[in-house]
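The structure appears below as structure tokens.
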Amino acid sequence: MTVRVRIAPSPTGNLHIGTARTAVFNWLFARHHGGTFILRIEDTDTERSRSEYTENIKSGLQWLGLDWDEGPYFQSQRLDLYRQGIQTLLDQGLAYRCYCTSTELEELRERQKALKLAPRYDNRHRDLKEEDRAKYEAEGRKAVIRFKIEDDRTIVWQDQIRGKVVWKGSDLGGDMVIARTPENATEAFGQPLYNLAVVLDDIDMCITHIIRGEDHIANTAKQILLYEALGATVPEFAHSPLILNSEGRKLSKRDGVTSIDDFRQLGFLPQAMANYMTLLGWTPPDSTQEIFSLDQAASTFTLERVNSAGAKFDWAKLDWLNSQYLHQLPPEELVDLLIPYWQEAGYQFDPVGDRPWLIQLSALIGPSLTRLPDAIKESHLLFGEKVTLDEETSVFLQQSEAQEVIKAVVQALEATTTFTEVEAKEIIDNVTKTQKVKKGLVMRSLRAGLMGELHGPDLIQSWLLLHQKTWDKTRLLQH
Ligand code: GLU
């Protein structure tokens, strides 16, 4: 059997982290089995679907490295398939037209609520007499198509992540709507609904494994009934755990960030995001292994190692992973990721002419970055921004020893016409000797004077970069 899986997002919003994680699992599963990963855009909801969301979904998947082998297919271009399917179910008496108005359904729900019953359709139009149907048609009522669900049915499947799942037909809310007729529609059943379209597509696309979020479990029970009604082989199902926030609730808009774009804008690298999402629910066979590429994960990925319990979103872990990836990047690559942030911060530089300097700067600050925008703060002084001293540095610089050191360094600098690493080190050594102080004091005074802080990246490199860019000898006297 050739494995065929799909990711089937609805373009009603930007690519969500939950959808992206489902895409990761599908991609890993396909690649592990040498199978096919399909992208299908579920855009039958014409009111809420937007092409810019489709573009966002595609670019988000590409950014993460989740290349698809087929598609994107668009449900909106496949309506004939769904109409044929609906007709087949109607012809076989497995589906029927229901003419209930929204007021009637509302009354039914109210009654059930008063009796403390779960809301469900009472199948009242299942066996409508011909004369009643004609009457409703004459009244101009618009019918929906309902698929029959028998209360005494038990639906069982062996979930590849959760094991055996049992669902009662009576818990599925009565006969389900599979298509409705939108206002102004000329077709008898213009708009197929999710459960029907998804099943017809999955059959048509020969999907072998359906890997999706556990919020679809009740849909799976309904869909299995549709597979049976349509005489199709039921695929394997695997329901992955939800992504939870720190309070154990489903990660949502209220948690601030949910779309892949949000994470991209916060300065996470795609490799770190993909790695982190893989770990949101999956444990590699070597459970100590935390850093891996998608290809590496694919080589050992199995659904058995996906946990069925909810996966807590851990910002600290994501930050840690991101820093690991950032620190591994060669400065020649890192620089291209940092340039847009420096530009946005308004720093003055020429991306082409200053490139060698920018690469050195990337090498200098790279090890201190957790997220890409950290580069703004880490490098603002080196771009000639004004130094503001914190309390500790200010007190330190007021000491006469530090003042003397700085004066001596400025004098030494004024006597030089070139400034290299060798000369920088010589100045430090000479000032240490002439001032009869410890070298550490000279270094600290220099750092405080140059950078306005007592801790930071390599001092000599910072000093060199600062002087290459501005050659501002008096900077040390600003305080
Ligand atoms: N369009 C559905 C969603 O975005 C697809 C669910 C499925 O994979 O069947 O949730």
Side-chain angles (χ1 to χ4, degrees), residues 6 8 10-12 38 40-49 73-102 104-105 120-130 132-151 153 155 169 172-207 210 212 216 218-235 237:
R6 83 306 190 270
S10 305
T12 53
I38 296 164
R40 184 171 75 221
I41 303 292
E42 305 213 320
D43 58 348
T44 49
D45 183 344
T46 45
E47 265 163 40
R48 293 173 59 226
S49 298
Y73 297 112
F74 291 87
Q75 285 193 326
S76 57
Q77 294 167 9
R78 301 167 55 80
L79 293 172
D80 279 347
L81 176 80
Y82 314 136
R83 288 182 187 139
Q84 275 168 27
I86 296 166
Q87 196 59 57
T88 307
L89 293 171
L90 283 170
D91 292 346
Q92 292 177 354
L94 298 170
Y96 61 92
R97 288 185 167 77
C98 163
Y99 293 88
C100 289
T101 62
S102 47
E104 285 167 349
L105 293 174
R120 68 194 313 270
Y121 174 61
D122 58 5
N123 303 348
R124 64 176 71 170
H125 283 194
R126 197 189 253 210
D127 298 305
L128 219 51
K129 288 203 209 79
E130 198 44 57
D132 290 329
R133 186 168 305 145
K135 189 184 93 191
Y136 291 140
E137 291 275 351
E139 280 174 18
R141 290 194 186 194
K142 295 258 187 242
V144 298
I145 311 295
R146 287 191 184 265
F147 172 69
K148 293 180 182 173
I149 296 182
E150 303 304 342
D151 277 352
R153 272 295 313 257
I155 303 112
L172 292 176
D175 294 343
M176 81 165 147
V177 181
I178 52 172
R180 61 175 89 252
T181 314
E183 289 302 319
N184 313 322
T186 45
E187 299 276 349
F189 32 82
Q191 192 177 5
L193 297 193
Y194 162 71
N195 276 309
L196 177 90
V198 86
V199 168
L200 290 168
D201 275 339
D202 287 337
I203 295 171
D204 190 58
M205 294 175 188
C206 305
I207 301 299
I210 296 182
R212 60 185 171 199
H216 282 288
N219 284 329
T220 296
K222 294 175 183 170
Q223 290 175 18
I224 287 176
L225 295 177
L226 278 168
Y227 278 97
E228 288 175 8
L230 293 160
T233 311
V234 180
F237 286 96

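Atoms considered below: every heavy atom in the structure, side chains included; atoms not considered: hydrogens, waters and symmetry mates. Worth saying up front: this structure is predicted, and the values here are computed from it rather than measured. We count residues from 1, following the sequence as given.
Between Glu137 atom CD and Arg97 atom CZ the span is 7.0 Å, to the nearest 0.5 Å. A distance of 9.0 Å separates SG in Cys98 from CZ in Arg141, rounded to the nearest 0.5 Å. Atom OG in Ser10 sits 10.0 Å away from atom CZ in Arg40 (nearest 0.5 Å). Within the model, atoms CG of Asp204 and CG of Leu81 stand 5.0 Å from one another, a figure rounded to the nearest 0.5 Å.
Ring planes of His216 and Tyr194: tilted class, angle from 30 to 60°.
Looking only at side-chain heavy atoms (C-beta outward), Leu196 and Phe147 stay at 4.5 Å or farther from each other. In this structure, Arg6 and Val198 have side chains that are in contact, with non-hydrogen atoms separated by less than 4.5 Å. Using a 4.5 Å heavy-atom cutoff, the side chains of Ile155 and Thr220 are not in contact.
Asp45 contributes a side-chain N or O that, together with a main-chain N or O of Arg48, makes up a donor-acceptor pair within less than 3.5 Å.
Under 3.5 Å, the side chains of Asp127 and Tyr96 contain no donor-acceptor pair of N or O atoms. Under 3.5 Å, the side chains of Asp80 and Gln84 contain no donor-acceptor pair of N or O atoms. With 3.5 Å as the limit, one finds a donor-acceptor pair spanning the side chains of Gln223 and Asn195.
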